[in-house]
Amino acid sequence: MFKTRLISGIVLVAAALVLIITGGEVLLFALGILSLIGMWELYRVFQLEKTPAAVVGYAAAVVFDADLYWRWIPDTMLFVIGFLIVLLAVYVLAYPKYHASQILAVFFGVFYVAVMLSCVWQTRMLQQGAYIVWLIFLCSWGCDTCAYCVGVKFGRHKMSPVLSPKKSVEGAVGGLAGTFLLTALYAALFREQMGISNGQLLLLASISTVGGLISMIGDLAASAIKRNYEIKDYGTLIPGHGGILDRFDSVIFTAPVIYYLAKYML
């Protein structure tokens with residue numbers, strides 16, 4: 001299992017490197033595909049993945065990503081309201097095929113997966129996005145790795161004993177400290193290319209640390225949904241890691257945090 005997980009992890013990192021360095025339409029298209037797979041995994045939890053209601057969700061995700069590129073919807077609220085109206089029309093016309101909770105799950109899935117994950121591309125498109133975008137992964141996967149290492153060695157106090165018994169307060173602190181240091185080191189290495197001062201370097205590290213804190217919420221939120229519905233993994237697409245939502249649960253949360261903090265603070 002460890003060997004499989006390691007190989008999958010290396011392939012995943014290599015793919016992320018190629019896609020993010022390439023950026024542009026290639027990255028947006030790849031994120032769109034990942035979003036649709038992640039939504040499929042989430043909708044399967046609610047036994048919806050092949051239903052007309054789910055198709056409306058998939059179509060909404062495609063429309064949202066297309067609008068990010070072409071900007072043909074003048075107001076984002078038009079998208080939100082239009083999507084809700086169409087979804088409720090399916091609910092009413094098919095009644096009583098769907099439970100209200102399933103319709104809410106379809107609506108939730110578009111924003112939880114597609115909209116939030118799209119912030120990876122939006123971050124990449126910022127002025128210094130080619131460098132800032134990596135903060136998303138430093139404060140999600142980096143924080144998780146540091147938290148695991150510190151937690152295994154020093155973990156004593158359970159952070160969420162019912163939801164995630166293996167996570168500790170010490171691990172969480174170690175994860176945040178590791179995120180700050182990793183980001184500071186990363187920013188120092190690329191300071192010249194990014195054209196940042198010492199103050200901005202510390203700001204980037206602080207932004208990444210906030211993202212690391214939010215990544216823990218994303219990880220635990222995904223775990224909570226799985227526990228509610230008594231499933232181990234969302235999928236099996238990534239050997240040793242589970243599905244898209246299992247591997248990108250924290251990235252989904254950190255992407256919008258890094259995007260908006262970087263956009264308005266740097």
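It should be emphasised that the depicted structure is a prediction, and the values quoted were computed from it without experimental measurement. Position 1 is the first residue of the sequence; numbering continues from there.
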#### Entry: N/O donor-acceptor pair under 3.5 Å between W121 side chain and L31 backbone
no

### Query
Does E41 use its side chain to pair, donor to acceptor, with the backbone of I244 at less than 3.5 Å?
yes

### Summary
Between the OG atom in S160 and the CG atom in L220, the distance rounded to the nearest 0.5 Å is 5.5 Å

### Query
Which atoms form the tightest heavy-atom contact between Q102 and Q47, and what is the distance?
NE2-O, 4.1 Å

### Task
Drop me the distance from L27's CG to M125's CE, to the nearest 0.5 angstrom.
9.0 Å

### Query
For E49, what residues pass the side-chain contact (heavy atoms from CB on, under 4.5 Å) criterion, not counting sequence neighbours?
W40, Y43, R44, Y58

### Task
Classify the ring geometry between F108 and Y112 as parallel (under 30°), tilted (30 to 60°) or perpendicular (over 60°).
parallel

### Between CH2 on residue W141 and OG1 on residue T254, distance to nearest 0.5 Å
9.5 Å

### Task
Give the intermediate values and the outcome of side chain to side chain contact (heavy atoms under 4.5 Å, CB included) for residues R191 and N198.
CA-CA 9 Å; R191 176 186 294 178; N198 288 334; 2.9 Å; yes

### Message
Starting from M216, can I reach V152 by hopping between I/L/V/M/F/W/Y residues whose side chains sit under 4.5 Å apart?
### Response
no

### Query
Do T51 and Y98 touch side chain to side chain, with heavy atoms closer than 4.5 Å?
yes

### Query
Hey, what do you get for CG (L261) to CD1 (I132), rounding to the nearest 0.5 Å?
11.0 Å

### Message
In the structure I gave you, are the side-chain heavy atoms of K232 and K226 within less than 4.5 Å of one another anywhere?
### Response
no

### Query
For the side chain of Y234 and the backbone of G38, is there at least one donor-acceptor N/O pair under 3.5 Å apart?
no

### P52 side chain near K97 side chain, heavy-atom distance below 4.5 Å
yes

### Message
Hydrophobic clusters here meaning ILVMFWY residues chained together by side-chain heavy-atom distances under 4.5 Å, can you tell me if L213 and L182 are in one?
### Response
no

### Query
Taking everything shown except E192 itself, do over 12 heavy atoms lie less than 6.0 Å from its CD?
no

### Task
For atom OH of Y148, decide whether the heavy atoms of other residues, nucleotides or ligands shown that lie under 6.0 angstrom number more than 12.
no

### Message
How close do I103 and L87 get, counting heavy atoms only, and between which atoms?
### Response
O-CD2, 3.5 Å

### Query
L185 and L181: side chain to side chain contact (heavy atoms under 4.5 Å, CB included), yes or no, with the steps?
CA-CA 6 Å; L185 177 60; L181 293 174; over 6 Å; no

### Query
Between L104 and F46, is a side chain to side chain contact (heavy atoms under 4.5 Å, CB included) present by the stated rule, with each step listed?
CA-CA 10 Å; L104 291 173; F46 298 92; over 6 Å; no

### Task
Could you check if a side-chain atom of L88 sits within less than 4.5 angstrom of a side-chain atom of Y91, using non-hydrogen atoms only?
yes

### Task
Tell me whether the centres of the aromatic rings in F64 and F83 are closer together than 6.0 Å.
no

### Task
Would you please test S140 and S215 for side chain to side chain donor-acceptor pair (under 3.5 Å) and show each step?
CA-CA 5 Å; S140 53; S215 76; over 6 Å; no

### Query
Is any side-chain heavy atom of H157 closer than 4.5 Å to a side-chain heavy atom of S168?
no

### Task
Could you check if a side-chain atom of C139 sits within less than 4.5 angstrom of a side-chain atom of I258, using non-hydrogen atoms only?
yes

#### Entry: Non-hydrogen atoms of V106 and A53 that approach each other most closely
CG1-O, 3.4 Å

### Query
So, for Y131 and F190, is the gap between ring centers shorter than 6.0 Å?
yes

### Message
Please say yes or no: joined through hydrophobic side-chain contacts below 4.5 Å, possibly via intermediate residues, are V80 and M39 part of one cluster?
### Response
yes

### Message
Can a donor-acceptor pair be found, under 3.5 Å and without considering hydrogens, that links the side chain of R227 to the backbone of L163?
### Response
yes

### Query
In Å, rounded to the nearest 0.5 Å, how long is the span from CG of D65 to OG of S118?
6.0 Å

### Query
Does T179 reach the main-chain N or O of G175 with its side chain, forming a donor-acceptor pair under 3.5 Å?
yes

### Message
Minimum heavy-atom separation for L135 and S208, please, with both atom names.
### Response
O-OG, 3.9 Å

### Query
Are L176 and V173 connected in the hydrophobic side-chain network, where two residues link if heavy atoms are under 4.5 Å apart?
no

### Query
Any idea which heavy atoms bring D67 and I73 closest together, and the distance?
OD1-N, 2.8 Å

#### Entry: ILVMFWY network linking L78 to W72, side-chain heavy atoms under 4.5 angstrom
yes

### Query
Does the side chain of L204 come within less than 4.5 Å of M194's, by heavy atoms?
yes

### Test item: R124 side-chain N/O and I20 main-chain N/O as donor-acceptor pair under 3.5 Å
yes

#### Entry: Short side-chain to backbone donor-acceptor contact, T183 and F180, under 3.5 Å
no

### Query
F137 vs W134 aromatic rings, parallel, tilted or perpendicular, using cut-offs 30° and 60°?
tilted

### Query
Distance-only, no hydrogens or angles: does the D219 side chain make a donor-acceptor pair with backbone N or O of S250 under 3.5 Å?
no

### Task
Report yes or no: does K158 contribute a side-chain atom to a donor-acceptor pair with the main-chain N or O of P165 at less than 3.5 Å?
yes

### Query
At their closest point, which heavy atom of M159 faces which heavy atom of A172, and how far apart are they?
SD-CB, 3.7 Å

### Task
Starting at CG of L117, measure out to CZ of F253 and round the result to the nearest 0.5 Å.
12.0 Å

### Query
Between F111 and F107, how do the two ring planes meet: parallel, tilted or perpendicular, split at 30° and 60°?
tilted

#### Entry: Any donor-acceptor N/O pair, D246 side chain to G243 backbone, under 3.5 Å
yes

#### Entry: Check: V133 and I136 side chains under 4.5 Å, non-hydrogen atoms
yes

